[in-house]
Amino acid sequence: MELRQLECFVAVAEELHFGRAAARLRMTQPPLSRQIQLLEQDLGVTLLERHSRVVRLTAAGQRLLRDARHLLDYSARAALAARRAAHGEAGHLTLGYTAVAAYRLMPAMLMRAQRVLPDVNIQLREMVSSDLGRLLLAGELDVALTRHVPMHQGLEKRLMEREALILALPAGSPLCAMDTVPLRALHQQPLILYSPGDSRYFHDRIVGAMGLANIAPRYVQRASQTHTLVALVRAGLGYGIVPDSARELHFEGVEYRPIAQKNLYADIYLAWRQQADNPTVEAFLDRVAGRDAMTDAPDVTLDEA
């Protein structure tokens with residue numbers, strides 16, 4: 001039993017006329033009749049009763065018509081799925097990301113992916129940037145939203161977002177009276193710093209800015225994650241310098257102010273392997289991430305205002 005035989009049978013069963021069925025299939029009647037005969041021989045049953053110019057379905061034909069429609073529909077969907085998978089429009093993709101990327105950027109990309117690539121299943125994996133680069137090289141991630149991309153000829157990266165670093169401060173702090181806080185206002189002030197291990201990117205950026213400005217805060221505590229750092233600010237342990245997207249956390253008792261410091265930014269990149277063997281990566285880069293609109297800007301320097 002072949003799909004072409006089922007197509008011929010369904011056409012005759014729905015038209016109940018060999019001439020109209022042949023025209024619908026864009027073929028002549030003799031080969032159409034031959035396909036029906038072969039199908040009946042393969043099944044060992046009579047599917048159609050032919051009386052003069054009248055064609056009727058037998059009980060076996062009525063049952064086969066229902067199942068044949070399902071089979072033809074399933075085969076058409078299977079063929080379409082195969083073509084879409086080949087073009088990256090269906091399949092599976094693993095997206096790694098840092099915790100801060102989950103505040104704004106990652107959810108926005110995921111919502112777009114659901115609109116433009118609804119048949120791509122995206123698995124999310126949150127981890128620190130150092131692990132993202134390692135697993136991307138190992139092939140365990142397809143793409144990654146990360147602060148730092150290892151220098152490796154097998155990886156490509158594009159700048160996705162550059163957000164200002166701002167000051168998080170407990171409500172009622174004297175610095176809340178300022179619309180913009182100069183970095184020097186933090187000299188000898190209690191500052192909660194990112195961990196030099198899991199959050200090395202932010203740690204080095206903030207410590208570097210302080211060093212260039214010849215400012216010495218009192219580092220009172222360290223935190224690996226932004227939400228932990230902001231929670232410590234809310235508790236009144238000190239100030240914190242965090243990416244602007246930390247506002248999305250909406251911690252009560254915490255206010256945010258811009259910092260009057262040039263080029264105090266945090267970058268986030270989208271990274272992927274050059275030799276990606278997953279077709280969905282190309283579709284994701286072009287249709288979700290907007291690869292053509294990406295920039296490849298260098299890291300900024302921390303110059304004092």
Side-chain angles (χ1 to χ4, degrees), residues 95-109 126-133 136 143-151 155-169 180-183 185-186 191-213 215 217 219 221-233 238-251 254-271 289-290 293-305:
L95 169 64
Y97 63 96
T98 64
V100 177
Y103 299 162
R104 289 179 184 167
L105 182 58
M106 184 274 289
M109 295 181 70
E126 179 184 322
M127 58 193 72
V128 297
S129 288
S130 58
D131 288 340
L132 287 171
L136 190 62
V143 291
L145 288 169
T146 178
R147 297 291 179 185
H148 172 71
V149 181
M151 295 296 294
L155 295 181
E156 289 193 36
K157 69 174 182 178
R158 292 294 185 272
L159 180 65
M160 291 298 296
E161 186 175 73
R162 173 167 286 174
E163 58 178 325
L165 294 180
I166 61 175
L167 186 66
L169 55 167
T180 301
V181 179
L183 199 61
L186 299 177
L191 189 69
I192 303 164
L193 187 63
Y194 281 94
S195 167
D198 292 339
S199 299
R200 182 178 176 181
Y201 176 89
F202 285 116
H203 174 275
D204 291 353
R205 222 159 183 73
I206 294 168
V207 171
M210 296 297 179
L212 287 173
I215 296 169
Y219 297 117
Q221 193 53 265
R222 287 171 170 78
S224 297
Q225 299 290 345
T226 298
H227 57 267
T228 302
L229 194 153
V230 176
L232 296 177
V233 171
Y239 303 108
I241 297 177
V242 296
D244 186 78
S245 55
R247 298 176 186 269
E248 304 294 335
L249 295 173
H250 298 293
F251 273 70
V254 176
E255 297 188 19
Y256 299 94
R257 295 292 185 274
I259 299 174
Q261 181 77 8
K262 291 182 180 179
N263 297 332
L264 188 55
Y265 296 98
D267 291 338
I268 188 161
Y269 292 89
L270 184 68
M294 295 181 191
T295 60
D296 197 9
D299 290 343
V300 296
T301 57
L302 299 173
D303 300 324
E304 184 178 1

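The residues of the chain are indexed from 1 along the displayed sequence.
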Worksheet entry | Step-by-step side chain to side chain contact (heavy atoms under 4.5 Å, CB included) determination, Y103 to L249 | CA-CA 8 Å; Y103 299 162; L249 295 173; 3.7 Å; yes
Practice prompt. Let me see the working for L191 and Q221 under side chain to side chain contact (heavy atoms under 4.5 Å, CB included), right down to the final yes or no.
Written response: CA-CA 7 Å; L191 189 69; Q221 193 53 265; over 6 Å; no
Practice prompt. Could you walk me through whether L186 and L167 pass side chain to side chain contact (heavy atoms under 4.5 Å, CB included), step by step?
Written response: CA-CA 10 Å; L186 299 177; L167 186 66; 4.0 Å; yes
Discussion item. One pair to check against side chain to side chain contact (heavy atoms under 4.5 Å, CB included): V242 and Y256. What are the steps and the verdict?
Written reply: CA-CA 9 Å; V242 296; Y256 299 94; 4.1 Å; yes
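Across every non-hydrogen atom of A223 and S199, the tightest pair is O-OG, 4.2 Å. In plain terms, the two heavy atoms of A213 and L183 that are nearest each other are CB-CD2, 4.1 Å. The minimum heavy-atom distance linking A246 with T226 is given by the pair CB-CG2, 3.8 Å. Nearest heavy-atom pair across V233 and G240 is CG2-N, 3.8 Å. Nearest heavy atoms, P107 versus A101: CD-O, 3.7 Å. Contact record, V100 with P243: CG1-CG, 3.6 Å, taken as the closest heavy-atom pair.
Side-chain atoms of M210 and P217, non-hydrogen and from C-beta on, do get closer than 4.5 Å to each other. With a 4.5 Å cut-off on side-chain heavy atoms, V254 and L169 do not count as touching. Within the 4.5 Å cutoff, side-chain heavy atoms of P150 are placed close to those of L155.
With S195 contributing its side chain and S224 its backbone, the two residues share no donor-acceptor pair below 3.5 Å. In terms of modelled atom types and a separation under 3.5 Å, the side chain of R147 and the main chain of D267 share a donor-acceptor contact. Put simply, the side chain of E163 gets close to the backbone of D244: a donor and an acceptor are under 3.5 Å apart.
Here the straight-line distance linking atom CE of M109 with atom CD of E161 works out to 10.5 Å at 0.5 Å rounding. The line from OG of S245 to CZ of R104 is 5.5 Å long, rounded to the nearest 0.5 Å. In this structure, the separation between CD on Q261 and CG on L212 is 8.0 Å, given to the nearest 0.5 Å. Taking CZ of R257 as the start and OH of Y239 as the end, the distance is 11.0 Å to the nearest 0.5 Å. Rounding to the nearest 0.5 Å gives a distance of 8.5 Å between CD1 of I241 and CG of L193. Here the CD1-OH distance, from I192 to Y219, works out to 12.5 Å after rounding to the nearest 0.5 Å.
Residues S129 and T98 have side chains that never bring a donor and an acceptor to within less than 3.5 angstrom of each other.
Atom CZ of R200 has 12 or fewer heavy atoms from other residues, nucleotides or ligands within 6.0 Å.
Checking each of L159, T146, L105 against I268 for a side-chain contact (heavy atoms from CB on, under 4.5 Å) leaves exactly one that passes, namely L105.
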